[in-house]
Amino acid sequence: MNYKKILKVTIGCFLILCSIITLFQTITWQISKKDYNREYVYSDFGNLYYEKNGEKIYIEKIYNTDSEELQLEVPNQKTIIMYCYKNNPTEGIYLGINNTPDARLEYPTINICVSIFILTLALYILSKKNKENPIYRYYLFYIFGLFIGIVMIFYSVTNIINYYSIKNDNNIVNATIYSDIYETGISTEQYKAVSYYYVNDVKYVYVDEIYKNGDINNVLGTTQKLYYNPNNPEKSYSKINFVTFLFLIIGTPITIISFLCVFFKDKMAMRYNRATRKK
């Protein structure tokens, strides 16, 4: 009995199952999100509320995606992201508990990329590896790399275009920092600032995209300039963060190399063979 082959098949099938489950959970949640409103819920000495049309709506119950009620203790002046039921705005789902399947649902693109990587790894384990040339041997990973590179470039270019299209309109508003996002397990030396601003006497909330190092108490009450979309004031940007440019810088060579290895694999394999023979 070939125990090595049995182990390989077992691991491969297990990874395929993990990939399918992850992808299924992500897609299911994205579909069900139509029944919820994404709200920034503020803690006033443990009393959780968000504002809607100038009215404070207090949260009565919090659940996870399995409909299990959570007993969440949110520190004073902190904000959490909740998905509140459209037909019952005082109740909703919270995803921000670290190291749980729910926490990963907040970032569906990353979740999908992880799922596809697991699937790629599983197929690689199950496939025959009788070719020494790495262009052929790791062909599945080049396909995955092409997918990742395109996602990174699309994310970067979309953010850059959206930012400069709004900035050119010169729609500037001062947003006041009043809180930060609370997530279990996040260091107290980092914060993701939450600000509010008004457009045509309507209040909107803006949340920084990435965490900053420091103490949130040092910036509470200060303001930052935002550019808002006049057609949809809820959409606003402060500036393009370094992650956007980093994704573009990293994603471009990944896409080019992967593209060549996927669509011109024979030529790339020949070039690799010629290069290794010269050594």
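Numbers here simply count residues along the sequence, with the first being 1. Being a predicted model, the structure only gives us computed values, none of them experimental. For the numbers below, each heavy atom of this structure counts, side chains included, while hydrogens, waters and symmetry mates do not.
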### Ring geometry between Tyr83 and Tyr36 (parallel below 30°, tilted from 30 to 60°, perpendicular above 60°)
perpendicular

### Message
Would a single hydrophobic cluster contain both Leu140 and Ile16, if residues Ile, Leu, Val, Met, Phe, Trp and Tyr are joined by side-chain heavy-atom contacts under 4.5 Å?
### Response
yes

### Message
Using 30° and 60° as the class boundaries, would you call the ring planes of Tyr163 and Tyr237 parallel, tilted or perpendicular?
### Response
perpendicular

### Gln224 and Asp208: CA distance, side-chain angles, deciding distance, side chain to side chain contact (heavy atoms under 4.5 Å, CB included) verdict
CA-CA 11 Å; Gln224 59 177 330; Asp208 288 351; 3.5 Å; yes

#### Entry: Flag, side chain of Asn111 to backbone of Tyr107, donor-acceptor distance under 3.5 Å
no

### salt bridge (charged side-chain N to carboxylate O under 4.0 Å, His left out): pairs with one or both residues in residues 231-254, sequence neighbours excluded
none

### Message
The criterion is salt bridge (Lys or Arg N to Asp or Glu O under 4.0 Å); which residues satisfy it with Asp102, sequence neighbours excluded?
### Response
none

### Message
Under a 3.5 Å distance rule, please check whether Thr276 uses its side chain to pair with a backbone N or O of Asn273 as donor and acceptor.
### Response
yes

### Query
Can you say whether the rings of Tyr196 and Tyr198 are parallel (under 30°), tilted (30 to 60°) or perpendicular (over 60°)?
perpendicular

### Message
On a heavy-atom basis, which atom in Tyr94 and which in Gly96 lie closest, and how many Å separate them?
### Response
OH-O, 3.2 Å

### Query
Just by distance, with hydrogens left out, do Thr22 and Ser115 show a side-chain donor and acceptor under 3.5 Å apart?
no

### Query
Tell me, do Ser195 and Thr176 make a side-chain contact under 4.5 Å, heavy atoms counted?
no

### Query
Can you list every salt bridge (charged side-chain N to carboxylate O under 4.0 Å, His left out) pair that touches residues 40-52, not counting sequence neighbours?
Glu39-Lys52, Glu51-Lys203

### Message
Distance check, rounded to the nearest 0.5 Å: Ile93 atom CD1 versus Cys84 atom SG?
### Response
9.5 Å

### Query
Is it the case that Lys192 places NZ or CZ above or below the six-membered ring of Tyr211, under 6.0 angstrom from the centre and within 45 degrees of the axis?
yes

### Task
Please determine if Glu73 and Lys78 form a salt bridge, counting it only when a charged side-chain N lies under 4.0 Å from a carboxylate O.
no

### Query
Taking all atoms of both residues into account, what is the closest heavy-atom pair of Ile135 and Tyr272, and its distance?
CG1-CB, 4.5 Å

### Query
Within the distance-only criterion (no hydrogens, no angle test), does the side chain of Tyr139 pair as donor or acceptor with the backbone N or O of Val262 below 3.5 angstrom?
yes

### Query
So with a 6.0 Å cut-off around CZ of Arg38, is the heavy-atom count from everything else above 12?
yes

### Task
Would you check if Tyr40 and Val207 make a side-chain contact, meaning some heavy-atom pair closer than 4.5 Å?
yes

